[in-house]
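Proteins get letters first, then strands, A, B, ... in listed order; numbering begins at 1 in each.
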Protein chains: 2
Amino acid sequence: MQKTKRLLAIETIISEEKISTQEELLRKLKGKGISCTQATLSRNLRQLGVGRIPNGIGGYKYSLPEKIRSSEKSPLRLNIVPVIQDIVEANGLMVIKTIPGNASNTAFFIDGTARYEIAGTIAGDDTILVIPRDGVTIQQVHTCLEIILPGIHEQIKKK
Amino acid sequence: MQKTKRLLAIETIISEEKISTQEELLRKLKGKGISCTQATLSRNLRQLGVGRIPNGIGGYKYSLPEKIRSSEKSPLRLNIVPVIQDIVEANGLMVIKTIPGNASNTAFFIDGTARYEIAGTIAGDDTILVIPRDGVTIQQVHTCLEIILPGIHEQIKKK
DNA sequence: AAAATAAATGCATAAATATGCAAAAAACAA
DNA sequence: TTGTTTTTTGCATATTTATGCATTTATTTT
């Protein structure tokens, strides 16, 4: 299905650049090989909870819902990054290893971001199973992680 | 000038009810004896930073900018309400009395809400001078306070 | 006060966004 | 698979929102 991929791309584009009209977003999507009509985009934006707000300089920009945006400056985030030890894949699922006792916090944080691509998480003591939404690839989940926890992959490589 | 009153009314209406189109807001304003065209409203909403976001049930609603909204659930707010001792008026200005040592915190909170009707504040140890924006009445500042610190007047009466 | 400048507003309309409806695609059931 | 139901999508268009321009209203300057 085309829709899932499109929703992911929309979230990513909006979180990375200032988009001010649906037509503009449409072009960006086309640049990524995803095409649809403005009508579909309008419906998708509503489904994702994306709002249109004044940008302070006389224009407008599309903006992810607060629960997602706020995760980017959450003080929790700063605590999360250092406890992640490794990220591996298994069977279309993603497994995140943390230092002992921290899986639950971390999973809670991930859930809180409410990213479309993550259907849910299950946490033990030091291991989190991240279940991607149907049709979402591991690569896409990696991209998503990098958005909600900037620098995370970089940080793991060093270990 | 009509504009100031209109901006205040817009903030108040939007913070109190779910408004989904500018035409609807226009009617509410008319109900309060304030009338203008949709064009003016569009410009005002942009100036106030008011965004339009999906309401989760298939429609849209206008929403105050985050800095204003967030003051409503700020943990700070809960600490602020109990320290306010009295609110009196003098000379078109408003004077807020707090318990000793708390004027500065409280003024900081009020500033943070960035309400249009308040031009600024000056705080001593237990006294805050609230300076209304030009054209704003004390009554309007009271209404504003009630919005950013719900229950505040009620609470003072009891003292 | 009168003139000059800036700000606010309405009107008409352009631009942008949402939606009813029918077609296509996908998911599901027998 | 084949038929049935649900979801997604595009098209055309209605609805909603933004804006250029002329006018009025307010503010500042001389």
With a 4.5 Å cut-off on side-chain heavy-atom distances among I, L, V, M, F, W and Y, is there a chain of contacts connecting A/Ile138 to A/Ile128?
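Same cluster: A/Ile138 reaches A/Ile128 through Ile, Leu, Val, Met, Phe, Trp or Tyr contacts under 4.5 Å.
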Using a cut-off of strictly less than 4.0 Å, decide whether [X] has a side-chain nitrogen or oxygen near OP1 or OP2 of [N].
{"X": "B/Gln22", "N": "D/dA18", "value": "yes"}
{"X": "A/Ser42", "N": "C/dT17", "value": "no"}
{"X": "B/Thr21", "N": "D/dT16", "value": "no"}
{"X": "A/Tyr62", "N": "C/dA16", "value": "no"}
{"X": "A/Thr40", "N": "D/dT9", "value": "no"}

I need the [atom1]-[atom2] distance between [X] and [N], as an integer number of Å.
{"X": "B/Leu45", "N": "C/dT9", "atom1": "CG", "atom2": "P", "value": "13 Å"}
{"X": "A/Leu41", "N": "D/dT8", "atom1": "CG", "atom2": "C1'", "value": "14 Å"}
{"X": "A/Arg43", "N": "D/dT6", "atom1": "CZ", "atom2": "C1'", "value": "15 Å"}
{"X": "A/Arg6", "N": "C/dA25", "atom1": "CZ", "atom2": "P", "value": "14 Å"}
{"X": "A/Arg52", "N": "C/dA16", "atom1": "CZ", "atom2": "P", "value": "8 Å"}
{"X": "A/Leu26", "N": "C/dT17", "atom1": "CG", "atom2": "C1'", "value": "12 Å"}
{"X": "B/Lys5", "N": "C/dT9", "atom1": "NZ", "atom2": "C1'", "value": "16 Å"}
{"X": "A/Gln47", "N": "D/dT8", "atom1": "CD", "atom2": "C1'", "value": "10 Å"}

Choose from C/dA8, C/dA18, D/dC11 the nucleotide whose nearest atom is closest to any side-chain atom of A/Thr37.
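Of the options given, the side chain of A/Thr37 lies nearest D/dC11.
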Rounded to the nearest 0.5 Å, what separation is found between the CD atom of B/Gln47 and the CD1 atom of B/Ile10?
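Reported value, rounded in 0.5 Å steps: 9.0 Å.
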Interatomic distance, A/Gln38 atom CD to A/Thr21 atom OG1 [nearest 0.5 angstrom]
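OG1 of A/Thr21 is found 9.5 Å from CD of A/Gln38.
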Taking it one step at a time, do B/Tyr62 and B/Leu25 satisfy side-chain contact (heavy atoms from CB on, under 4.5 Å)?
CA-CA 9 Å; B/Tyr62 282 90; B/Leu25 180 51; 5.8 Å; no
Given side chains that start at C-beta, do those of A/Ile96 and A/Thr127 come closer than 4.5 Å, heavy atoms only?
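Heavy-atom side-chain distance check fails, nothing below 4.5 Å.
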B/Ala39 or B/Tyr60, whichever maps to the more 5' nucleotide of DNA chain C
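Looking at the nearest nucleotide for each, B/Ala39 comes out on the 5' side.
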Donor/acceptor link under 3.5 angstrom from A/Gln38 side chain onto base of C/dA18:
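It does, because a donor-acceptor pair links the side chain of A/Gln38 to the base of C/dA18 below 3.5 Å.
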